[in-house]
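As structure tokens, the structure follows; a few thoughts come after it.
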Protein chains: 2
Amino acid sequence: MTYGSALVVLADPTRREVFERLRTGPRPVNAIAAGMPVSRPAVSQHLKVLKEAGLVEERSEGVRRIYSVRREGLAELRAWIDSFWGDALDAFKLEAESSYQAKKRQR
Amino acid sequence: MTYGSALVVLADPTRREVFERLRTGPRPVNAIAAGMPVSRPAVSQHLKVLKEAGLVEERSEGVRRIYSVRREGLAELRAWIDSFWGDALDAFKLEAESSYQAKKRQR
DNA sequence: ACTTACGGTTAGTCATGACTTACGGAAGCG
DNA sequence: CGCTTCCGTAAGTCATGACTAACCGTAAGT
């Protein structure tokens, strides 16, 4: 259910801003954090989450880490949304996977 | 920034389940809550949030409230996602709107 | 080697929001 | 009319997670 994680991860406004700042191209952490209302470590944490969700890639370049968007990370979310437009095939496929696990009780 | 609210609202797994149960068609609250691991009031609260976000519609039928999906509520989110696929026009349009409001500091 | 820029990690704080229980109003049924 | 069903609202509890400050390692420049 990676479209679920994509939703969760992109729900936070600050994290979304971080993600959007990569739309125009790869950037080091410094450049992303510049001008943001939160501290640089906060941005680092958000990047970590984005990376774990497969929405972002990291590559090292000397002492800096260059982050960039991973479009494939958005693909499943896109398909999920599309499935609400009555595409019967996708709807069936997704519904089959999404039988609700009653796990929340076991907390 | 309604794609933002859509993301926030759909991020919660329980609320997403509620939303997905409407994919196959309009349903009263009872039917939605049946078999879910949370109480009926919880479902009501989720429906309220979904409705405020424009993702769901409500119509009264006697004593029951019938909820159904509002596809238009997903349209902007869909467009936002698409804008990451290099559609220059959409990307420009969306970026123009999304200059980060430094509101978080004022909490 | 010393220093400086870069950025990830940890610990601890605090606000947000998802949930339950209890309640209340509104419509159908006997 | 009671009685029941349907469902929204209120109050209060508790877990989650976003953030800062402090710290550490690493690369590059002098």
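Chain letters run A, B, ... following the sequence lines, proteins first, then strands; residues in each count from 1.
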I need the CD-C1' distance between A/Gln45 and C/dA11, as an integer number of Å.
11 Å

Length of the line joining B/Glu58:CD and C/dA26:C1', which is rounded to integer Å:
14 Å

So, is B/Ser39 close to the C/dT20 phosphate, meaning a side-chain N or O under 4.0 Å from OP1 or OP2?
yes

Closest non-hydrogen contact found for B/Arg21 with B/Arg27 is O-CD, 3.5 Å

Trace of the salt bridge (charged side-chain N to carboxylate O under 4.0 Å, His left out) decision for B/Glu61 with B/Arg59:
CA-CA 7 Å; B/Glu61 200 158 288; B/Arg59 121 182 78 104; 3.0 Å; yes

Tell me whether B/Arg71 contacts the main-chain N or O of A/Phe84 through its side chain, where contact means a donor paired with an acceptor under 3.5 Å.
yes

Name the residue closer to the 5' end of DNA chain D, choosing between A/Ala42 and A/Val8 according to the nucleotide with the nearest heavy atom.
A/Val8

Check whether any side-chain nitrogen or oxygen of A/Asn30 sits under 4.0 Å from OP1 or OP2 of C/dA5, and answer yes or no.
no

For the backbone of A/Pro28 and the side chain of A/Arg65, can you confirm whether one donor and one acceptor N or O come within less than 3.5 Å of each other?
no

Just the rounded figure in Å: distance from C1' of D/dT5 to CD1 of B/Ile66.
14 Å

Rounded to the Å, how far apart are A/Leu10 CG and D/dA18 C1'?
16 Å

Complementary nucleotide of C/dC2, counting Watson-Crick and G-U pairs under 3.5 Å
D/dG29

With sugar-phosphate taken as primed atoms, P, OP1 and OP2 and all else as base, the protein-contact string of nucleotides 22-30 of chain D at under 4.0 Å (heavy atoms; B, S, -) is B---B-S--

In whole angstrom, give the distance that lies between atom CG of A/Leu47 and atom C1' of C/dG7.
10 Å

Interatomic distance, B/Lys48 NZ vs D/dC7 C1' [rounded to whole Å]:
13 Å

Rounded off to whole Å, could you give me the CG-to-C1' distance for the B/Asp12 and D/dG17 pair?
14 Å

Regarding B/Glu17 and B/Arg15, does a basic nitrogen lie under 4.0 Å from an acidic carboxylate oxygen?
no

Within the 4.5 Å heavy-atom criterion, are A/Phe19 and A/Leu74 side-chain neighbours or not?
yes

Identify the nucleotide, in any strand shown, that forms a Watson-Crick or G-U wobble pair with C/dA26, with both distances under 3.5 Å; if there is none, say none.
D/dT5

Between A/Tyr67 and C/dC6, is there a contact of a side-chain N or O with OP1 or OP2 at under 4.0 Å?
no

Is the distance from OP1 or OP2 of C/dC19 to the nearest side-chain N or O of B/His46 less than 4.0 Å?
yes

In whole Å, what is the span from the CD atom of B/Glu52 to the P atom of C/dA18?
12 Å

Nucleotide nearest B/Ser44 when distance is taken to its side chain, options D/dC7, C/dT20, D/dC19
D/dC7

Within less than 4.0 Å of OP1 or OP2 of C/dA18, is there a side-chain N or O belonging to B/Arg15?
yes

Apply side chain to side chain donor-acceptor pair (under 3.5 Å) to residues B/Ser83 and A/Arg23 and explain how you reach the verdict.
CA-CA 9 Å; B/Ser83 76; A/Arg23 198 203 320 249; 2.4 Å; yes

